[in-house]
Amino acid sequence: MTETTTPRVVIAGGGVAALETLIALRDLAGDRVDITLVAPADAFTERPMTVAEPFGEGHARRYELAEIAKNFGARLVRDSVVGVDPETHRVDCQSGEELTYDHLVLAVGAKARPAYTHAITFGQDPSEDALHGLLADIESGYADHVAFVVPSGTAWTLPLYEIALMTARQAWSMSIGRVRFTLVTPEERPLALFGPTASEAIGELLEAHGIEFIGSTYPSVEHGHVLLDPGGRQLDGARVVSLPVLDGPDLPGVPADPSGFIPVDTHGRVPGLDGVYAAGDGTTFPIKQGGLATQQADAVAEVIAAAVGARVVPEPFRPVLRGRLLTGGDDRYLRHGVGGGQGEGDAEAQALWWPPAKIAGRYLAPYLYGRDEHLRVERIETGYVPVDVTLDLVAGAGRR
């Protein structure tokens, strides 16, 4: 009699792509897989909401990974994957522990670093304190020009628009009209990724908030100056807020581009490595955004589920960008097919997907929505959308 073992799936990471993979795989493959989640932190933080915290417009909730892993029948290992041996199907952890796998999902994210020395870099500690300080300086009259600068090579720019809009709105709420606000970006139009319709709407929103838009510009920052071009155009005396630049995980044993990002095909498979997949910010896909990471993770989960015998026909990653733009007032919901040929995009004041979360994931968003205590009454009144109902079906669009 031949002994059979349950295929071992190791998911490396504790962020959006990792959790979406876990939940999707358990839903699609059931008990056909033995899942281990390897994560360096003890909790998942709703990072897209951290942008709102300095302005008192919301907070980033934390969810214990041990509880999530338990809910979906996974083993949690508090550790970091530091290398892969594809020949022996083994991953090396920082603690020295070795884990074997039949299928490995690398959802380890990217490494952020400041783009400029003389700037507040959002997402880099202690940026929240620095933003609080900036708001205090605006109120006290010590800052009369703030430039929000997108570094070259940054594709996902929406968080900086949120900071700019909420900063301007806060100044307006304090009856401070003397401060100049400027948004400098390589984008030709505001949030151009979302298509012409959304771009026009966001441009009008910036104008209404008194924010000057300077596009098609690859700036550099010196102390007190933003250099706009080699011809000498510059913004003088501006306080600068910027996004970080990202580097790939550059894992030993895993192919990578010159910046350390992992190449994948449209199903998330890493070329040349049997049973190895990647999803999320650590891949070469240029737009590093949580909703797209969940779509990559879904494609990976479908391939693995099919490989272990589930009745699943794997579909490739077809990116649809969804972004909830926080403004400090009426949020905007933006949607556009990244691949082109899918219209001019959408920009609405009402939700374009359900639940209307910042992280628009097929599995993760409904799960987190169901976990939030303060939404229980709303869930009863509006009707809870179960995990097997996709975001797009609820929104009346295609699957992904």
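We use all heavy atoms of the structure for the numbers below, so side chains are in, but hydrogens, waters and symmetry mates are not.
- Here the two rings, on Phe285 and Phe317, have centers that are under 6.0 Å apart.
- Not a single donor-acceptor pair under 3.5 Å links the side chain of Gln234 to the backbone N or O of Asp236.
- Within the 4.5 Å cutoff, no side-chain heavy atoms of Pro286 are placed close to those of Trp156.
- Between the Glu20 side chain and the Ala365 main chain, no donor and acceptor come within less than 3.5 Å of each other.
- Here the shortest heavy-atom pairing between Ile214 and Leu228 reads CD1-CD1, 4.3 Å.
- Here the closest non-hydrogen pair linking Glu139 and Arg178 is O-NH2, 4.0 Å.
- Between Ile202 and Phe194 the shortest side-chain heavy-atom distance does not fall below 4.5 Å.
- Atom CD of Gln350 sits in a crowded spot, with more than 12 heavy atoms from other residues, nucleotides or ligands closer than 6.0 Å.
- Residue-environment remark: OH (Tyr63) exceeds the threshold of 12 foreign heavy atoms within 6.0 Å.
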Quiz item: Yes or no on side chain to side chain contact (heavy atoms under 4.5 Å, CB included) for Thr88 and Thr100, after CA distance, side-chain angles and deciding distance?
Solution: CA-CA 8 Å; Thr88 61; Thr100 56; over 6 Å; no

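- Contact check for Leu19 versus Leu65: side-chain heavy atoms found under the 4.5 Å cut-off.
- Leu206 and Leu243 fall within the same hydrophobic cluster, where Ile, Leu, Val, Met, Phe, Trp and Tyr residues are linked whenever their side-chain heavy atoms come under 4.5 Å apart, directly or through other members.
- Counting only distance, with no hydrogens or angles, the side chain of Asp79 and the backbone of Gln94 share a donor-acceptor pair below 3.5 Å.
- Between the side chains of Tyr367 and Asn71, at least one donor-acceptor pair of N or O atoms lies under 3.5 Å.
- For Val82 against Pro252, the heavy-atom pair with the smallest separation is O-CD, 3.1 Å.
- Contact between Leu246 and Ala110 at its shortest, heavy atoms only, is CB-CB, 4.1 Å.
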Exercise. Assess whether side chain to side chain contact (heavy atoms under 4.5 Å, CB included) is satisfied between His118 and Val240, documenting all intermediate values.
Key: CA-CA 7 Å; His118 302 291; Val240 176; over 6 Å; no

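- A distance of 8.0 Å separates NE2 in His59 from CD in Glu46, rounded to the nearest 0.5 Å.
- Ionic pairing of Asp330 and Arg332 is not present here: no N-O contact between side-chain nitrogen and carboxylate oxygen is shorter than 4.0 angstrom.
- For the pair Glu207 (side chain) and Glu212 (backbone), a donor-acceptor distance under 3.5 Å is absent.
- Considering all non-hydrogen atoms of both residues, Ala119 and Ser242 come closest at CB-CB, 4.3 Å.
- Distance alone, capped at 3.5 Å, is enough to place a donor-acceptor pair between the Thr217 side chain and the Gly215 backbone.
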Quiz prompt | side chain to side chain contact (heavy atoms under 4.5 Å, CB included) evaluation trace for Phe213 with Thr182 | solution = CA-CA 6 Å; Phe213 177 83; Thr182 308; over 6 Å; no

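- Side-chain atoms of Gln289 come within 3.5 Å of backbone N or O of Leu292 as a donor-acceptor pair.
- Judged purely by distance below 3.5 Å, without hydrogens or angles, the side chains of Thr327 and Glu162 never pair a donor atom with an acceptor atom.
- Atom-to-atom distance recorded for His103:NE2 and Ile35:CD1 is 11.0 Å, nearest 0.5 angstrom.
- Between atom CZ of residue Arg61 and atom OG1 of residue Thr45 there is a gap of 11.5 Å, rounded to the nearest 0.5 Å.
- From Asp92, atom CG reaches atom OG of Ser80 across 12.5 Å, with rounding to the nearest 0.5 Å.
- Judged purely by atom type and a 3.5 angstrom limit, Gln295 uses its side chain to pair as donor or acceptor with the backbone of Val320.
- Of the residues listed (Val91, Ile11, Val254), the one engaging Leu106 in a side-chain contact (heavy atoms from CB on, under 4.5 Å) is Val254, and it is the only one.
- Test Asp102, Asp34, Thr36 against Arg8 for side-chain hydrogen bond (donor to acceptor under 3.5 Å, both in side chains) and you get one pass: Asp102.
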Exercise. Before giving the answer on side-chain hydrogen bond (donor to acceptor under 3.5 Å, both in side chains), spell out for Thr284 and Asp257 the whole-Å C-alpha distance, their side-chain angles and the decisive distance to 0.1 Å.
Key: CA-CA 8 Å; Thr284 52; Asp257 72 2; 5.8 Å; no

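- Although no hydrogens or angles enter the test, the distance criterion places no donor-acceptor pair under 3.5 Å between the side chain of Asp331 and the main chain of Arg324.
- Of the possible polar contacts, one joining the Ser199 side chain to the Pro190 backbone as a donor-acceptor pair under 3.5 Å is found.
- Proximity of Tyr277 to Val264: side-chain heavy atoms (C-beta onward) are nowhere separated by under 4.5 Å.
- Using a 3.5 Å distance cut-off with no hydrogens or angles, the side chains of Tyr363 and Asp298 do not pair a donor with an acceptor.
- Between His89 and Tyr101, the ring-plane angle classifies as parallel under the 30° and 60° cut-offs.
- When all heavy atoms of Ile138 and Ala171 are compared, the closest pair comes out as CG2-CB, 4.2 Å.
- Annotation: side chain of Val241 is in contact with side chain of Val146 (closest heavy-atom distance under 4.5 Å).
- For the atom pair Glu67 CD and Phe72 CZ, the distance stands at 10.5 Å (nearest 0.5 Å).
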Practice problem: Applying side-chain hydrogen bond (donor to acceptor under 3.5 Å, both in side chains), run through Ser140 and Asp137 and close with a yes or a no. | Solution: CA-CA 5 Å; Ser140 302; Asp137 286 349; 5.5 Å; no

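- Val308 is not listed as a side-chain neighbour of Val9, based on a closest heavy-atom distance of 4.5 Å or more.
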Self-check item: Asp42 and Arg62: CA distance, side-chain angles, deciding distance, salt bridge (charged side-chain N to carboxylate O under 4.0 Å, His left out) verdict
Solution: CA-CA 10 Å; Asp42 59 2; Arg62 286 167 49 90; 3.4 Å; yes

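- Tyr161 pairs by the ring pair (Phe, Tyr, Trp, His ring centres under 6.0 Å) definition with nothing, not counting sequence neighbours.
- Applying the 6.0 Å contact sphere to CZ of Arg47 captures no more than 12 heavy atoms from other residues, nucleotides or ligands.
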Exercise. Please report the C-alpha distance between Arg335 and Glu348 in whole Å, then the side-chain angles of each, then the deciding distance to 0.1 Å, and finally whether the salt bridge (charged side-chain N to carboxylate O under 4.0 Å, His left out) criterion is met.
Key: CA-CA 9 Å; Arg335 181 176 59 197; Glu348 302 289 346; over 6 Å; no

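- Looking at Lys288, its side chain does come within 3.5 Å of a backbone N or O of Thr283 through a donor-acceptor pair.
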Self-check item: Pair Thr167-Arg169, side chain to side chain contact (heavy atoms under 4.5 Å, CB included): steps then yes or no
Solution: CA-CA 5 Å; Thr167 301; Arg169 191 178 184 90; over 6 Å; no

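- Side-chain contact check for Leu134 versus Arg239: some heavy-atom pair is nearer than 4.5 Å.
- With sequence neighbours left out, His267 forms a ring pair (Phe, Tyr, Trp, His ring centres under 6.0 Å) with no residue at all.
- Residues Pro244 and Pro114 have side chains not in contact (no heavy-atom distance under 4.5 Å, counting atoms from C-beta outward).
- Of the inter-residue distances, the one linking Glu200 atom CD with Glu344 atom CD reads 9.5 Å to the nearest 0.5 angstrom.
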